[in-house]
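Since the structure comes first, as structure tokens, the remarks are kept for the end.
Labels below follow one simple rule: chain letters A, B, ... track the order of the sequence lines, proteins then strands, and each chain is numbered from 1.
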2 protein chains.
Amino acid sequence: MKRPRGRPSQGKGVSRELILDAALALLEEAGEKSLTMRALAARLGVTPMSLYHHLEDRAELLSELSGRVYTEVLSDSDGPSDHRRQIREILVRYHDLVGKHPQLTLAIFAEPKAFAGMSRRITDRLTELLSAITTEHVLWRDILVDHSHGSGLALAAAFAEPERAQSIRDYYQQALDGLLGRLE
Amino acid sequence: MKRPRGRPSQGKGVSRELILDAALALLEEAGEKSLTMRALAARLGVTPMSLYHHLEDRAELLSELSGRVYTEVLSDSDGPSDHRRQIREILVRYHDLVGKHPQLTLAIFAEPKAFAGMSRRITDRLTELLSAITTEHVLWRDILVDHSHGSGLALAAAFAEPERAQSIRDYYQQALDGLLGRLE
DNA sequence: ACCTGAACACCGTTCAAGT
DNA sequence: ACCTGAACACCGTTCAAGT
């Protein structure tokens, strides 16, 4: 069934939300090159041109998906925790999102604009947290963020090899804990 | 002038070398999306189809360029130096190559196959060197490689902002020295 | 307001034909 | 062996027209 069941019966209309949902699904199923405006429209049972009533162009699709997925990095944590723990939570959450959306992440990495947006989301909050526990907060922020991006890149590129991906996850947390332990 | 001067006068032929040179130049000038088989052929004064006598397809172009550029990472260093210094040389050379070829690097990062190839080039030699100076060589290899990839990603994405790129370079070396100092 | 058909200006790649 | 013209199966996007 191409269309969700709970929609008004004969309505052919698509919403921005529906388009973005379908785009993310298509992207992760088939890769960035397969996410074409035409394939996306076909999946929604609509003409390619109708998408342009809801989106500027294809570039907006990726930057919007990037925003949608990666705002989650800063979602509130469960309980109160110290700074070091909060830093860890943000970075692990980021790393997990990369693992959950490898194709989106690879697409973002190749697009400097989308990359900058996603990166800032992590960086800003981290700088704040690090300022409270070290004077070298810029240096440590760069070390932690760069290391996370690099491991994320390896993780995303390993999307087709689950056991390799798992080992990347394990080593990431181990390395992260090692770095955080030295942060003092 | 579209054609190098030193070639046989009326020969229209292109070689694999000429194609790769032109492809790299076009890629860095105009970005990955602009590196089309048709534009590349036009730059060489030849029909698009003639390229297929020298290359399998467009994918081979990128993976071949990746190989060509990033073998340089392992080029022999000037004099004899200790292990720590050799590690530093490899990583800095890698980082510099990223800065010199940002568009190629962004394209490689988005292509898991090309990324794996480039990554192995750095990783293998590093593992060897690290084994000689620490028992936790796998952990440290991941930390160093991931950090370099992450900073490289930021550097490549900043190709349009030279002063930001320079600051990324500075912080990378600072962080790298910090990490190498703690390696023991 | 939203959807459509037709069109424009592109792609990568294949094939059969030329030299 | 290498280059070509023509063609195929695609792209993103625009425009004028329909409801």
**Report entry** Any B/H54 side-chain nitrogen or oxygen under 4.0 Å from OP1 or OP2 of D/dA1
**Finding:** no
Query - B/E163: side chain to side chain donor-acceptor pair (under 3.5 Å) partners, not counting sequence neighbours - result: none
Query raised in the report: Among pairs that include at least one residue of residues 28-40 of chain A, which meet side chain to side chain donor-acceptor pair (under 3.5 Å), considering only residues two or more places apart or in two chains?
Result: A/E29-A/R43, A/E32-A/R58
Query raised in the report: What integer distance in Å separates B/I19:CD1 from D/dC2:P?
Result: 11 Å
**Report entry** Each stem that DNA chain C is part of, given as range with range (3 or more consecutive Watson-Crick or G-U pairs, under 3.5 Å)
**Finding:** C:4-8 with D:12-16, C:12-16 with D:4-8
Query raised in the report: Starting at CZ of B/R16 and ending at P of D/dA1, how long is that distance when rounded to a whole Å?
Result: 17 Å
Requested in this report: Specify the separation, in whole Å, of atom NZ of B/K33 and atom P of D/dC11.
Outcome: 16 Å
**Report entry** Results of ring pair (Phe, Tyr, Trp, His ring centres under 6.0 Å) for B/H95 - residues two or more places apart only
**Finding:** B/Y172
Report summary line: Sequence neighbours excluded, the answer for side chain to side chain contact (heavy atoms under 4.5 Å, CB included) partners of A/V92 is A/R88, A/D96, A/Q173, A/L176
Query raised in the report: With the sugar-phosphate defined as primed atoms, P, OP1 and OP2, and the base as all remaining atoms, what B/S/- string results for nucleotides 12-19 of chain D, 5' to 3', for protein heavy atoms under 4.0 Å?
Result: BBB-----
Query raised in the report: Do we see a donor-acceptor contact under 3.5 Å between the side chains of B/D170 and B/Q174?
Result: no
Query raised in the report: Quick one: side chain to side chain contact (heavy atoms under 4.5 Å, CB included) partners of A/R125, sequence neighbours excluded?
Result: A/L74, A/Q86, A/I90, A/E128, A/L129
Report task. Starting at atom CG of A/L40, determine the distance to atom C1' of C/dC3, rounded to an integer number of angstrom. Result -> 15 Å
Query raised in the report: Between D/dC3 atom C1' and B/L55 atom CG, what is the distance in whole Å?
Result: 15 Å
Requested in this report: Using salt bridge (charged side-chain N to carboxylate O under 4.0 Å, His left out) as the criterion, list what pairs up with B/R164, not counting sequence neighbours.
Outcome: none
For residues 100-118 of chain A, dump all side-chain donor-acceptor pairs below 3.5 Å to protein atoms at least two apart in sequence or in another chain.
unit_1: A/T105; atom_1: OG1; unit_2: A/Y70; atom_2: OH; d: 2.7
unit_1: A/T105; atom_1: OG1; unit_2: A/H101; atom_2: O; d: 2.7

